[in-house]
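Beneath this line is the structure, given in structure tokens, with notes to follow.
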Amino acid sequence: FFIIPMKKQTAIWIASTTIIVAAAIFITYSYTQNKVATENRPTTQNTDSSTTTPAATPSPSSNATASIPAGAEIYVAPNGNDSTETGNIDKPFKTIAKAIEAAQPGNKIVLRNGTYEEGELRIRQPDITIMSKDGEWGIIKKALPKGPDDYDSAVYFDVDAHRGRLSRVEVIGGFYAVSTETKWDWGNANDRKGTSDLIIEKSKIHGSGRDAIKIKPNSDNIKILDN
């Protein structure tokens, strides 16, 4: 065998150590670069349209009626839509109930030609008009009472629905076809007010279980004209 002098052994050891350290530095640098590249890689790498997740479609606003101003006309038609439409003449609601929900004091709910079979239509705000469109005829129809405790009316003007109006419509069915509400037998004994200053005109009111038009005590100045 060969005996390597001490100085050469030291030189070989230093050279080997240098190579090992350099290799370790290279490996560490390569790992770090690869990690940075991986973290910065865009998440949409897959260009295969068959596996790419489509972008979410924004759902329609659930408050589409928020822009209806006071005094505006709100249209309802048998072929309308309560979920997607806004209540204007080109995008009518389907039900009168939805129009009442969207209405503010001063709004006119205009019915296109057809029959609207609904539950009790309770008007709670003042200055609300329900009318047929000019040249057309809207029919509001409610089922007759189903039992001794069914007192629902077809159209019901609640206590604060002052200055309401029904014009050129037909109302059929209900316990009362049209009814007013008052506090004559409930609530604060010092406040027995009732909805007042209503106008029912040029309409057909019939087919109810009891009174066609029920005017309760303290509902004052109710005008029934040309019916």
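In what follows, every heavy atom counts, from backbone to side chain, and hydrogens, waters and symmetry copies are set aside.
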Donor-acceptor list for residues 125-134 side chains, cut-off 3.5 Å, not counting sequence neighbours:
{"unit_1": "Gln125", "atom_1": "NE2", "unit_2": "Ala103", "atom_2": "O", "d": "2.7"}
{"unit_1": "Asp127", "atom_1": "OD1", "unit_2": "Arg163", "atom_2": "NE", "d": "2.8"}
{"unit_1": "Asp127", "atom_1": "OD2", "unit_2": "Arg163", "atom_2": "NE", "d": "3.4"}
{"unit_1": "Asp127", "atom_1": "OD2", "unit_2": "Arg163", "atom_2": "NH2", "d": "3.1"}
{"unit_1": "Ser132", "atom_1": "OG", "unit_2": "Gly138", "atom_2": "N", "d": "2.8"}
{"unit_1": "Ser132", "atom_1": "OG", "unit_2": "Arg168", "atom_2": "O", "d": "2.4"}
{"unit_1": "Asp134", "atom_1": "OD1", "unit_2": "Arg168", "atom_2": "NH2", "d": "2.8"}

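Between Gly173 and Ala154, the shortest heavy-atom contact is O-CB, 3.9 Å. When all heavy atoms are compared, the tightest approach of Pro145 to Gly209 is CD-CA, 4.3 Å. Of all the heavy atoms in Tyr176 and Arg210, the pair that sits closest is CE2-CB, 4.1 Å. Residues Arg124 and Asp158 share a closest heavy-atom pair of NH1-OD2, 3.0 Å. Annotation for Asn227 and Glu201: closest pair OD1-C, 3.4 Å, computed over non-hydrogen atoms. When all heavy atoms of Ala177 and Ala212 are compared, the pair lying nearest together is CB-O, 3.1 Å.
In this structure, Ser179 contributes its side chain and Tyr156 its backbone to no donor-acceptor pair below 3.5 Å. A donor-acceptor pair under 3.5 Å links the side-chain atoms of Ser196 to the main chain of Gly194, judged by distance alone. Side-chain atoms of Asp82 come within 3.5 Å of backbone N or O of Lys94 as a donor-acceptor pair. With hydrogens and angles ignored, the 3.5 Å screen pairs a side-chain donor or acceptor of Thr195 with a backbone N or O of Ala161. Between the side chain of Ser208 and the main chain of His206, no donor-acceptor pair closer than 3.5 Å is present. Checking side-chain atoms of Glu136 against main-chain N and O of Asn113 turns up a donor-acceptor pair under 3.5 Å. Under a 3.5 Å cut-off, the side chain of Tyr116 and the backbone N or O of Leu111 do not form any donor-acceptor pair. Counting only distance, with no hydrogens or angles, the side chain of Asn88 and the backbone of Asp90 share a donor-acceptor pair below 3.5 Å. Using modelled atom types, no side-chain atom of Asn107 and backbone atom of Pro105 make a donor-acceptor pair closer than 3.5 Å. With hydrogens and angles ignored, the 3.5 Å screen pairs a side-chain donor or acceptor of Glu120 with a backbone N or O of Ser153.
Considering CD of Glu117 and NZ of Lys141, their distance stands at 5.0 Å, rounded to 0.5 Å. In this structure, CG in Asp197 is found 8.0 Å from CG in Asp220, a value given to the nearest 0.5 Å. To the nearest 0.5 Å, the span separating CD1 on Ile123 from CD on Glu181 amounts to 13.5 Å. Atom CD1 of Ile109 sits about 5.0 Å away from atom CD1 of Ile100, to the nearest 0.5 Å. Note that the NZ atom of Lys216 and the OG1 atom of Thr182 stand 6.5 Å from one another [nearest 0.5 Å]. In this structure, Leu225 CG and Leu166 CG are separated by 12.0 Å, a value rounded to the nearest 0.5 Å.
Annotation: ring pair (Phe, Tyr, Trp, His ring centres under 6.0 Å) contacts involving residues 120-151, sequence neighbours excluded, comprise Tyr151-Phe175.
A salt bridge is absent between Lys202 and Asp226: the closest approach of a Lys/Arg side-chain nitrogen to an acidic carboxylate oxygen does not fall below 4.0 angstrom.
Between Ile224 and Ile215 there is a side-chain heavy-atom pair separated by less than 4.5 Å. Here the side chains of Ile89 and Arg112 are in contact, with some heavy-atom distance below 4.5 Å. Contact annotation: the side chain of Lys193 approaches that of Val159 to within less than 4.5 Å [non-hydrogen atoms, C-beta and beyond].
With Val155 as the partner, the side chain to side chain contact (heavy atoms under 4.5 Å, CB included) test is satisfied by one option alone out of Ile205, Ile140, Ile96: Ile140.
Note on Val169: it clusters hydrophobically with Ile213, by side-chain heavy-atom contacts below 4.5 Å among ILVMFWY residues.
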